[in-house]
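Reading through the C-alpha cells given below for one structure.
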Amino acid sequence: MKKIIAVLSVLMLTSFAVFAQSDLQVLAVVKLTKNESITLKQLKTRCEAYEKQMGGRTLTVDEKKQVLDTLIEERLIVQAAAKEGISIPDSYVDQYFAQYVSQLAGTNVSEKEFEEIVKKSYGKTLDELLIEQTGMNKTEYKNQLKNTLLMQQYIVQKNQAEIQKVAATDDEIRMAYESNKSSFVWNDMIKMLLVIVPKGNNPEAAKQKTVDFLSKYKSKALTAEQIAIQSQSENPGFQAGVGLFPKTEAAAAGIGMSLQNLIFVFNQSEGYTSDVEETADDFRFLSVIKKYDAKMLAIGDLVQPETTVTVYDYIRSSLTQQKQQIYVNNAANTVAKELHTAENVDMKKTGAALDKLLEWGK
C-alpha cells in the first residue's frame, strides 16, 4: 500500500510540474530595446481578467490570439516610450488610482479610506474586490495602469498638434444634452465643516482640543475656512475640511457616518452646529453651512454649486476628451502595427502549436 501511495504522489508531482512548465512556456519575445518574454501564464492572467469583465464568458482561440497581440503591442509601445526617455512616477499612478476608487465610492476618498469602506461594507480586502471586478489585485492593477499611462503619454507626445485640433462642436454638445437631459441633476447636497480629532494615545487631550475648536468656531474667533487651513499645516493633530456632500450611503461612509446620521444632518437648518461627538477612534463636530435641494439642470446651469463650470462646459469637455481618446487609441493602433514586425518580435509559438496551447478552458 505504501508503494502505491508513493507512486501516486510521484505522478501527482510530475503532473503539476508539467502543468507549471506549460504555463511558463514563452509565446513571444518583444525585443525593440530589450528582450521581454510573454508567457502562457501571462496571457492566461490577462484573458481571465477580460473574461471577468465580460461576465465570465470564455474567450475563443481567435480572441485569445487578439489578447496576445495586445500584450505584444503594449510591450512594444512601452519599450518605445522608454527609449524616448518617457517615464511615469508612482505618485502619478497613485493619484489616478485614487480617482478610480473615488468613482467606485461615489465621493472623494483616499486609497486607505476606500480600503476601510470596502472592509466595513463588504467584509473584503481591496485586493479581493479588485480581483472580483477586474481579475487583478491592487499591485497588478497599478502596474497595468502605469503601462497604460506610459503608452498614452508616448502617443500624445508624438501626436500633440493633431490631438489639440480635435474638439466637440456646438451641435454635438447640444445633442448630447438633449439625449441625456434626465441625467443632469443636482442631488440633495449639503455644504458643511467637519472637524475630526483622533484619540491617539491621549483621548482626554483629543476631546479638549475638539471642544476648543468648537468654542472658537461658535464664538467666531475662527471661521470654517481658517480651521480647514490650519489642518493643512505640518502635523496638526486633527483633520478638518469644508466640502459638499450628497445624500448617499457612500458619502456617509467616506466621512465615517451612517446614512441615518447623515440624513439627520440634512434635516437640520443652515447654521446648525453639532455638539462634540465621540466615535471609537476620534472626537468630532460638524456645522451645516449651506443646503442645496435636488433639481433638474438646464444646459446653462452650474454642474455643481459654488463652481464656475456649466452643464454646457462639462459636456464640451467630456465630448472633447472622448473624441481625443478615440484619436489617441487609433494612433496607438497605428504605431503598434508599425512596431509589430519580425525584427522587433520573435514569435516562439505559431500555427497549430499556438492554437493547441490556447485551447485551455474548453
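What you see is a predicted model; the values in this text were computed from it and never measured. Position 1 is the first residue of the sequence, and the numbers go up from there.
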Do [X] and [Y] belong to the same hydrophobic cluster, where Ile, Leu, Val, Met, Phe, Trp and Tyr are linked whenever their side-chain heavy atoms lie under 4.5 Å apart, directly or via other members?
X	Y	answer
F285	I289	yes
Y96	M136	yes
Y92	L150	yes

Donor-acceptor under 3.5 Å (Q144 side chain, Y141 main chain):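 Such a contact is absent between Q144 side chain and Y141 backbone.
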Would you say the side-chain atoms of K64 pair up with the backbone N or O of L358, donor to acceptor, closer than 3.5 Å?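 The answer is yes, because a donor-acceptor pair under 3.5 Å joins these two groups.
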Quick one: do the [X] and [Y] side chains pair a donor with an acceptor below 3.5 Å?
X	Y	answer
T273	Y217	no
Q208	D212	yes
D94	S91	no
Y292	E306	yes

Please lay out, stage by stage, how E270 and K191 fare under the test salt bridge (Lys or Arg N to Asp or Glu O under 4.0 Å). CA-CA 9 Å; E270 291 180 1; K191 180 181 179 181; over 6 Å; no
Salt bridge (Lys or Arg N to Asp or Glu O under 4.0 Å) against K119, all qualifying residues, sequence neighbours excluded: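 K119 satisfies salt bridge (Lys or Arg N to Asp or Glu O under 4.0 Å) with no residue once adjacent residues are dropped.
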Taking the basic N atoms (NZ, or NE/NH1/NH2) and the acidic carboxylate oxygens, is any pair closer than 4.0 Å for D188 and K291?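 Salt bridge: no.
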Is any side-chain N of the basic residue among E84 and K158 closer than 4.0 Å to the acidic one's carboxylate O?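 Judged by the 4.0 Å cut-off on N to carboxylate O distance, E84 and K158 do not form a salt bridge.
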Which residues, ordered by chain and number, are linked to L194 in its hydrophobic cluster, where ILVMFWY side chains connect at heavy-atom gaps below 4.5 Å, directly or through other members?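 Same cluster as L194: I190, M192, I196, F245, I255, M257, L262, F264, V265, F266, Y272, L286, V288.
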Hydrophobic cluster mates of I263, side-chain heavy atoms under 4.5 angstrom, ILVMFWY only, any path?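 Traced through the cluster, I263 reaches L259.
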V197 versus G237, closest heavy-atom pair with distance: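 Scanning both residues completely, I find the closest heavy atoms to be CG1-O, 3.8 Å.
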Under 6.0 Å from the CD atom of E343, do we count more than 12 heavy atoms belonging to anything else shown?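 Open: at most 12 neighbouring heavy atoms sit under 6.0 Å from CD of E343.
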List the atom pairs, with distances to 0.1 Å, where a side-chain N or O of residues 97-105 and a protein N or O form a donor-acceptor pair under 3.5 Å, not counting sequence neighbours.
residue, atom, partner, partner atom, Å
S102, OG, A98, O, 2.9
S102, OG, V109, N, 3.0
S102, OG, V109, O, 3.1

When the side chains of residues 198-205 are checked against the rest of the protein, which donor-acceptor pairs come out under 3.5 Å, sequence neighbours left out?
residue, atom, partner, partner atom, Å
K199, NZ, E278, OE2, 2.7
K199, NZ, T279, O, 2.9
N202, OD1, A205, N, 3.1

Under 3.5 Å, which donor-acceptor pairs do the side chains of residues 180-187 form with other protein atoms, sequence neighbours left out?
residue, atom, partner, partner atom, Å
N180, ND2, A176, O, 2.8
K181, NZ, E178, OE1, 3.4
S183, OG, N180, O, 2.6
W186, NE1, L302, O, 3.4
W186, NE1, V303, O, 2.9

